[in-house]
**Student:** 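Have a look at this one before I ask anything.
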There are 2 protein chains.
Amino acid sequence: MAKGNPPPITPAAFQVLLALARGRAHGYGIMGFVSELTGGSVQLGPGTLYRTLSRLAADGLVEEAPDMSEDQPHDARRRYYQLTARGWEAAAREAELIRRLAGAAAEAGLLGRQERSA
Amino acid sequence: MAKGNPPPITPAAFQVLLALARGRAHGYGIMGFVSELTGGSVQLGPGTLYRTLSRLAADGLVEEAPDMSEDQPHDARRRYYQLTARGWEAAAREAELIRRLAGAAAEAGLLGRQERSA
DNA sequence: CTCGTTGTATCCGTAGTGGATATATTCCGA
DNA sequence: TCGGAATATATCCACTACGGATACAACGAG
């Protein structure tokens with residue numbers, strides 16, 4: 001599972017990691033979260049989603065969670081996933097890059113001139 | 001050139017648009033800018049760069065600039081590009097999305113807990 | 001029991017990416 | 001001024017990610 005060199009994080013993979021950073025979730029829930037977060041401008045199809053999940057699991061960045069929903073009636077179809085420690089690190093690394101891009105965009109005047117101290 | 005529906009902005013395309021948002025530049029300069037901005041974690045190969053530039057130009061998001069360097073000895077090889085109005089809008093739209101992702105990452109605790117008012 | 005919905009999984013065509021290669025121009029040292 | 005290294009653009013090819021279609025299992029409502 002765990003590989004020596006850090007595998008590259010694709011855009012879709014980051015969306016999944018970001019969704020799971022807020023807590024464990026199942027595939028369908030991730031789809032909804034991404035669509036909602038991005039206002040519908042990013043929509044993961046089932047193909048992309050489940051293949052991405054499989055690849056992230058194979059790389060040891062996410063792992064299947066034992067399904068803890070006690071208030072829900074327990075849906076046997078759902079498969080819950082959560083971040084591993086390595087997954088969290090990878091997500092944080094990528095998030096830092098995203099933040100830098102957003103900063104550069106702000107400096108270039110692309111954003112509505114947010115208050116930026118520096 | 002200009003198309004009816006807004007063409008999707010690929011990751012590489014956004015890097016190029018972001019670089020050009022700071023001012024006109026030539027291909028090789030864009031490569032260096034992207035590599036420097038991202039600390040080397042993102043590197044556009046020549047294939048990706050020039051194909052992306054061609055596609056952006058065909059979509060009317062960038063256009064060739066007439067080369068205005070007066071202090072430089074004028075290098076005839078260089079081809080300068082700059083954003084069009086539509087290119088700026090597309091870049092701004094994409095930058096807004098990036099900013100939202102960064103915000104979500106911060107809320108999830110992925111970033112080093114930057115000061116966020118809300 | 002039956003039907004529509006939820007949820008997961010796989011397949012396939014398309015497109016973006018990255019690296020190698022080719023070629024022309026400029027710069028610099030001998 | 002001659003030649004070689006570096007700069008800069010451009011194209012080609014293999015690989016992989018992506019998106020949509022499709023299939024199928026399990027749940028809930030009537």
**Student:** Under 30°, 30 to 60°, or over 60°: which ring-plane class applies to His26(B) and Tyr80(B), parallel, tilted or perpendicular?
**Tutor:** perpendicular

**Student:** Among the candidates dA17(D), dA8(D), dG7(C), find the nucleotide nearest to the side-chain atoms of Thr10(A).
**Tutor:** dA17(D)

**Student:** Hey, which sits more toward the 5' end of DNA chain D by its nearest nucleotide, Ala12(A) or Tyr50(B)?
**Tutor:**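 Per heavy-atom nearest nucleotide, the more 5' residue is Tyr50(B).
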
**Student:** Which part of the nucleic acid, if any, lies within reach of Gly27(B) when heavy atoms closer than 4.0 Å are counted: base, sugar-phosphate only, or nothing?
**Tutor:**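 Answer is sugar-phosphate: Gly27(B) comes under 4.0 Å of backbone atoms only.
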
**Student:** Please give me every residue in residues 28-44 of chain A whose heavy atoms get under 4.0 Å of an atom in DNA chain D, ordered by residue number.
**Tutor:**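 Nothing qualifies; none.
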
**Student:** Take the protein atom CG of Leu53(B) and the nucleotide atom P of dT9(D), then report the distance between them rounded to whole Å.
**Tutor:** 9 Å

**Student:** Between atom CZ in Phe14(B) and atom P in dT17(C), what is the gap in whole Å?
**Tutor:**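 Atom-to-atom, Phe14(B) to dT17(C), this comes out as 14 Å.
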
**Student:** Starting from C1' on dC18(D), measure out to CD1 on Ile9(A) and report it in whole angstrom.
**Tutor:** 16 Å

**Student:** Can you measure from CD (Glu94(B)) to CG (Leu101(A)) and round to the nearest 0.5 angstrom?
**Tutor:** 11.0 Å

**Student:** Which distance, rounded to the nearest 0.5 Å, do you find between the CG of Leu110(A) and the CG of Leu17(B)?
**Tutor:** 8.5 Å

**Student:** dG16(C) base to Thr48(B) side chain: any donor-acceptor pair below 3.5 Å?
**Tutor:**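 There is none.
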
**Student:** Encode nucleotides 22-30 of chain D as B, S and - characters from 5' to 3', where the letter depends on protein heavy atoms closer than 4.0 Å: B to the base, S only to sugar-phosphate, - to neither.
**Tutor:** ---BBSS--

**Student:** CE of Met31(B) to CG of Leu44(B): how many Å apart, nearest 0.5 Å?
**Tutor:** 8.0 Å

**Student:** Among dC13(D), dC11(C), dG7(C), which nucleotide has an atom closest to any side-chain atom of Arg51(B)?
**Tutor:** dC13(D)

**Student:** I need the Glu96(A) CD to Ser41(B) OG distance, nearest 0.5 Å.
**Tutor:** 10.0 Å

**Student:** Check each of Leu37(B), Ile30(B), Ile98(B) against Leu18(B) using the side-chain contact (heavy atoms from CB on, under 4.5 Å) test, and report the only one that passes.
**Tutor:** Leu37(B)

**Student:** When you measure from the side chain of Thr52(B), which nucleotide among dT17(C), dC18(D), dT8(C) comes out closest?
**Tutor:**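 The listed nucleotide nearest to Thr52(B)'s side chain is dT17(C).
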
**Student:** Output the rounded distance in Å from CZ (Arg55(A)) to C1' (dT16(D)).
**Tutor:**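 Computing the Arg55(A):CZ to dT16(D):C1' distance gives 9 Å.
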
**Student:** Once you round it to whole Å, what is the distance between C1' of dA21(D) and CG of Leu49(A)?
**Tutor:**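 That distance rounds to 16 Å.
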
**Student:** Can you tell me how far the OG1 atom of Thr38(B) sits from the CD atom of Gln15(B), to the nearest 0.5 Å?
**Tutor:**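 If we round to the nearest 0.5 Å, Thr38(B):OG1 and Gln15(B):CD are 6.5 Å apart.
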
**Student:** Could you check Glu89(A) against Arg86(A) for salt bridge (charged side-chain N to carboxylate O under 4.0 Å, His left out), going step by step and ending with a plain yes or no?
**Tutor:** CA-CA 5 Å; Glu89(A) 292 168 16; Arg86(A) 292 190 4 137; over 6 Å; no

**Student:** Over all heavy atoms of both residues, which pair between Tyr81(A) and Leu20(A) is shortest? Give the atoms and the distance, please.
**Tutor:**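 Between these two residues, the closest heavy atoms are O-CD2, 3.4 Å.
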
